[in-house]
Number of protein chains: 2
Amino acid sequence: MPEDKPARRKRPTIADVAKRAGVAPAIVSRALSPERRPVSREKRERVLKAAAELGYNQNPLARGLATNSLDMVAVIVNHITDLSDLDLFDPLLEAIQALGKQAVIIRVGNTEKIEDFLRNSAAFHVHAALVFSDFADAEGVRTLFHSDNVLMLNGRFDAKSAYITIDEAAGIREAVTRALERGAKTGALVTGRQTSLIEQARIQAYRDICAGAGLDLVQELQGDYSYASGLALARSIDGASLPDAIFCTSDAWPWA
Amino acid sequence: MPEDKPARRKRPTIADVAKRAGVAPAIVSRALSPERRPVSREKRERVLKAAAELGYNQNPLARGLATNSLDMVAVIVNHITDLSDLDLFDPLLEAIQALGKQAVIIRVGNTEKIEDFLRNSAAFHVHAALVFSDFADAEGVRTLFHSDNVLMLNGRFDAKSAYITIDEAAGIREAVTRALERGAKTGALVTGRQTSLIEQARIQAYRDICAGAGLDLVQELQGDYSYASGLALARSIDGASLPDAIFCTSDAWPWA
DNA sequence: CTGTTAGCGCTTTCAT
DNA sequence: ATGAAAGCGCTAACAG
């Protein structure tokens, strides 16, 4: 792989375009801006022409520095390993790009503190941050990404952050009901990492709903959503006293 | 979601750190640089302390503008929908981040010309670009991302780009051999988008190897790697003259 | 509407 | 080893 060389030839800047079009740099900036800025029709056309001839490309860094904003959104996840992630991320990427922005996917992994993780790596000024990882809190993300547009999807929102929470109780109720209809008297619950607020809520919902419906939750097994852990847990279920039903708190609803 | 407000409070800059540490901004820059720059031990410590107290975070945009490089790598893909993508992208993201860089995933979708796609969106100065999408060529990527570090994984490399190609002939030979061992005389080949160079190479390899081994390739069916297309193609295979073996050029090797 | 002038925050000569 | 100063490329504020 070729090593870091400085760019081969300098790229044309706004000044080059300005010179070629015979206008001031500011005019170029306005003419090329997506917003409607005051520029005479004639100069705008000269600028567009010059820019095209020069193969001019805006430097997002310079723009970002000047406007204090970058057209990027940070997507903060633990990892991308679940089947359901496929259904999630592809449309998400598409949507973000349709907005003219790019997505930086921050994979936090199992780092307990996202701050530790990012301390030495760059913390971007992003347009927005979407937080799926349960390791991140709203204030920390705002600080790290220099943005007030944080959307918390992990339940850890605060007054200043937007959030989406899903009422999973309905689905859980449905699952339990269905199990009961099939004659289940006892059940086991396979859970994921319990530090997740959303996961805690799910578990509590299962307990409450099962209790209310008269289904005896005889076992709670903790995994980490991975196929491997699921397999291991499955083996660990006592064959003799097999519960009638097994519920999983995984993100994807298999019966959906 | 809160709308675009200017950042609530100004973030501390290198100047703030310098003031608090009683040194020049340049010293702060050197002290905080990952590389070993000449700074007296004592001042370095003062700087580090001041930075910590202020909660200083470097602004990557300013750094990028000054150094003409950003610690990001662009990953250019068609989309993320295959099961095998999970196995690929999660470790890839992890590896990229372990290098202290962030990954921007550019989802080209079905856009025929990546340039069209990116014309209006920002073209980043990235440290490197990894190209999986078969819609992108080396020169275009170098230009768009202002980087000479392009790694072509789609077969469309040129003299200046790094590349990785996989010798799939071995695997194909193995697959054909296995089919023959099981008594197959005829076979069908399910292919993907034929504009991909890699795909073309695979198809040719199947043809050559089957011909050489005496297995009669009676059908070639073109899909697009999606489950849906696979299903449709499966239905289209004539039940009466069912071939003995069916080969797929999909990226994931099901028998691996 | 247009051009000039300041910066944005950081790195980097270049003197000291 | 240190600091002053000059930019990186762009946008925004201010005069014309």
Side-chain angles (χ1 to χ4, degrees), chain A residues 4 6-7 9-47 50-51 54-71 122-127 145-147, chain B residues 4 6-7 9-47 50-51 54-71 122-126 146-147:
Chain A
D4 289 351
R9 58 194 184 295
K10 252 177 64 63
R11 324 218 80 249
T13 73
I14 222 172
D16 298 323
V17 178
K19 209 166 296 166
R20 182 174 247 264
V23 298
I27 295 291
V28 178
S29 174
R30 289 178 195 131
L32 264 34
S33 163
E35 291 162 52
R36 189 173 290 293
R37 297 290 179 73
V39 185
S40 72
R41 229 176 93 79
E42 181 229 343
K43 300 213 169 176
R44 178 192 308 279
E45 277 163 14
R46 287 227 303 275
V47 167
L54 259 37
Y56 169 77
N57 257 146
Q58 191 189 55
N59 182 335
L61 268 58
R63 193 188 110 82
L65 186 58
T67 62
N68 191 34
S69 72
L70 233 198
D71 282 346
F124 293 96
H125 278 84
V126 297
H127 176 80
F145 293 101
H146 306 194
S147 168
Chain B
D4 289 351
R9 57 191 185 298
K10 255 176 62 63
R11 324 217 79 250
T13 73
I14 223 173
D16 299 322
V17 178
K19 208 166 298 169
R20 182 177 248 264
V23 299
I27 296 292
V28 177
S29 173
R30 289 178 193 129
L32 263 34
S33 162
E35 291 163 51
R36 189 172 288 296
R37 297 289 178 72
V39 185
S40 71
R41 228 176 92 78
E42 182 228 343
K43 300 212 170 181
R44 179 191 308 281
E45 278 163 15
R46 287 226 304 274
V47 168
L54 258 37
Y56 171 76
N57 258 147
Q58 191 189 57
N59 181 334
L61 268 58
R63 194 188 108 84
L65 185 58
T67 63
N68 191 34
S69 72
L70 232 198
D71 282 346
F124 293 95
H125 279 84
V126 298
H146 307 192
S147 168

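The shown structure was predicted, so the numbers you read here are calculated from the model rather than taken from an experiment.
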List the atom pairs, with distances to 0.1 Å, where a side-chain N or O of residues 13-26 of chain B and a protein N or O form a donor-acceptor pair under 3.5 Å, not counting sequence neighbours.
residue: B/T13; atom: OG1; partner: B/A15; partner atom: N; Å: 3.1
residue: B/D16; atom: OD2; partner: B/T13; partner atom: N; Å: 2.8
residue: B/R20; atom: NH1; partner: B/E53; partner atom: OE1; Å: 2.1

Flag side-chain contact, heavy atom, 4.5 Å: [X] against [Y]:
| X | Y | value |
| --- | --- | --- |
| A/L70 | A/H127 | no |
| A/V47 | A/V39 | no |
| B/Q58 | B/L32 | no |

Using five pairs at each end of the helix from C/dC1-D/dG16 to C/dT16-D/dA1 to define an axis, what is the angle between those two axes, to 10°?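 Answer rounded to 10°: the end axes differ by 40°.
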Please state how far atom CD1 in B/I27 lies from atom C1' in C/dT16, giving the value in whole angstrom units.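 Value for this atom pair: 13 Å.
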Return the value, rounded to whole Å, for the distance between atom CZ of B/R46 and atom C1' of D/dT2.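 Result: 12 Å.
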Residues two or more places apart in sequence or in another chain: which of them pass salt bridge (Lys or Arg N to Asp or Glu O under 4.0 Å) with A/R46?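 Salt bridge (Lys or Arg N to Asp or Glu O under 4.0 Å) check on A/R46 returns A/E42.
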Enumerate the residue pairs fulfilling side chain to side chain donor-acceptor pair (under 3.5 Å) with a member in residues 30-39 of chain B, sequence neighbours excluded, ordered by first and then second residue.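 Every candidate side chain to side chain donor-acceptor pair (under 3.5 Å) pair involving residues 30-39 of chain B fails, so no pair, neighbours aside, qualifies.
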Mark up nucleotides 8-16 of chain D, 5' to 3', with B wherever a protein heavy atom is under 4.0 angstrom from a base atom, S wherever such an atom reaches only the sugar-phosphate, and - elsewhere. BBBSBB---
Under 4.0 Å: is that the gap between some side-chain N or O of B/K43 and OP1 or OP2 of D/dT2?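 Affirmative; the distance criterion is met.
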Tell me every residue that passes side-chain hydrogen bond (donor to acceptor under 3.5 Å, both in side chains) with B/T67, counting only those two or more places apart in sequence or in another chain.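 If we apply the side-chain hydrogen bond (donor to acceptor under 3.5 Å, both in side chains) test to B/T67, skipping adjacent residues, the hits are B/S69.
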Step by step, would you call A/N59 with A/R11 a side chain to side chain contact (heavy atoms under 4.5 Å, CB included)? CA-CA 9 Å; A/N59 182 335; A/R11 324 218 80 249; over 6 Å; no
